Amino acid sequence: MALKIYISGEYFDKEDAKISVYDHGLLYGDGVFEGMRSYAGKVFRIKEHLVRLWESAHAICLQIPMTPDEVAKAIQQTLELNGIKDGYIRLVVTRGAGTLGLDPNLTSNPRVIIITDRITLYPKEFYDNGLEIVTASTIRNHPQALSGRIKSLNYLNNILAKLEGLKAGCVEALMLNHKGDVAECTADNIFLVKNEAVLTPPIDAGILAGITRAAVIDLAKASGRHVREMTLSRHDVYTADECFLTGSAAEIVPVVKVDNRQIGTGKPGPVTKDLLARFRRETGA
Ligand code: PMP
């Protein structure tokens, strides 16, 4: 059976789920989105995802034409219609169709799109053996040009860095910010473990306030670990005992090599493994 896609109150087969070529989401990347996970039919931290979506929309003066409750219900319904329990949810809100000019005031009918699909997890070996990543020369957007906290439909900054990673044979790439400090990866936040403490760049490093990042900080604190959101340099990464990435799709994935330097023992470390086990207990995965 074809997957059903929700677009603004209606369901379409995947092949027929289409929006206008005049939609500014397509023409200018003008819109916002969320990527979420469901475990046993329940969306992980849905409230936090919807708050972030509404904040992203507010920041770009985009009025979402539904309430958070209505969107939550539509997500649940789409999951059920497609018989998806453990899945990935892509929620997109476009600016709507307008003219060929930039002016958002000349657009109408923002589209609310819900795609639910089976999860495409990183292969098991990434979790067992850890990833190798490289630092991209493309820096994260300057926060005074575009806040990293807005999860917008324009991901070119991240895609350019991803292309650099892929060229080096890596599925993720580390991005620095305009100050040269560690920011995040192209679609994941980054954590280090040093002398038992769990370290991660602060939100004002120009990063996305990841929902998984927040969940991992909560889990680490609840398990009695010392957590610090602090400015981190590449030197801190190279000399860390452990390194891992977090994201809704990736969950928690160990990193064992950065820019050709082995991190810690070169194997996924005990704190990373413990946090992943706790995360999986919480999600029931
Ligand atoms: N940073 C960026 C740039 C992202 O796109 C994402 C989401 N894929 C993340 C971090 C992780 O955020 P979350 O845990 O909310 O998925």
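One-based numbering, in listed order, for ligands and for the atoms of each. Because the structure is a prediction, the values reported are computed rather than measured. We number each residue from 1, following the sequence as shown.
Close contacts of ligand 1 with Gly210, meaning ligand atoms under 4.0 Å from a residue heavy atom, involve 12 (O), 13 (P), 14 (O), 15 (O). Within ligand 1, the atoms closer than 4.0 Å to a non-hydrogen atom of Ile211 are 13 (P), 14 (O), 15 (O), numbered from 1 in the order shown. Those atoms of ligand 1 with a heavy atom of Gly247 less than 4.0 angstrom away are 11 (C), 14 (O), 16 (O). In the vicinity of Glu184, heavy-atom distances shorter than 4.0 Å reach the ligand 1 atoms 1 (N), 2 (C), 3 (C), 10 (C). The distance from ligand 1 to the heavy atoms of Thr186 drops below 4.0 Å at these ligand atoms: 3 (C). Listed by atom number, the atoms of ligand 1 under 4.0 Å from Ser248 heavy atoms are 13 (P), 14 (O), 15 (O), 16 (O).
A salt bridge is defined here as a Lys NZ or Arg NE, NH1 or NH2 lying under 4.0 Å from an Asp or Glu carboxylate O, and Glu251 with Arg280 meets this definition. A salt bridge links Asp218 to Arg45: at least one charged side-chain nitrogen sits closer than 4.0 Å to a carboxylate oxygen. Note on Asp23 versus Arg111: no salt bridge recorded, every NZ/NE/NH1/NH2 to OD/OE distance being 4.0 Å or above. A salt bridge does not link Glu34 with Lys151: none of the charged nitrogens is closer than 4.0 Å to a carboxylate oxygen.
Nearest non-hydrogen protein atom to atom 9 (C) of ligand 1 is Ala187 O, 3.5 Å.
Residue Tyr155 has at least one nitrogen or oxygen atom sitting less than 3.5 Å from a nitrogen or oxygen atom of ligand 1, judged on distance alone.
Under a 3.5 Å cut-off, the side chain of Gln262 and the backbone N or O of Gly264 do form a donor-acceptor pair. The backbone N or O of Thr272 lies less than 3.5 Å from a partner atom in the side chain of Glu242, making a donor-acceptor pair.
Comparing heavy-atom distances from atom 3 (C) of ligand 1 across Thr212, Asn158, Asn141 singles out Asn158 as nearest. Of the candidates Ile190, Asn189, Ile207, Val216, it is Asn189 that places a heavy atom closest to atom 11 (C) of ligand 1.
At least one heavy atom of Lys151 lies less than 4.0 angstrom from ligand 1. In this structure, Arg52 has a heavy atom closer than 4.0 Å to ligand 1.
Note that Arg37 lies outside the cation-pi zone of Phe44, set by a 6.0 Å cut-off to the ring centre and a 45° limit from the axis.
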**Request:** Report the C-alpha separation of Tyr127 and Phe244 in whole Å, then their side-chain angles, then the decisive distance to 0.1 Å, and conclude whether the ring pair (Phe, Tyr, Trp, His ring centres under 6.0 Å) test is met.
**Result:** CA-CA 10 Å; Tyr127 297 88; Phe244 62 87; over 10 Å; no
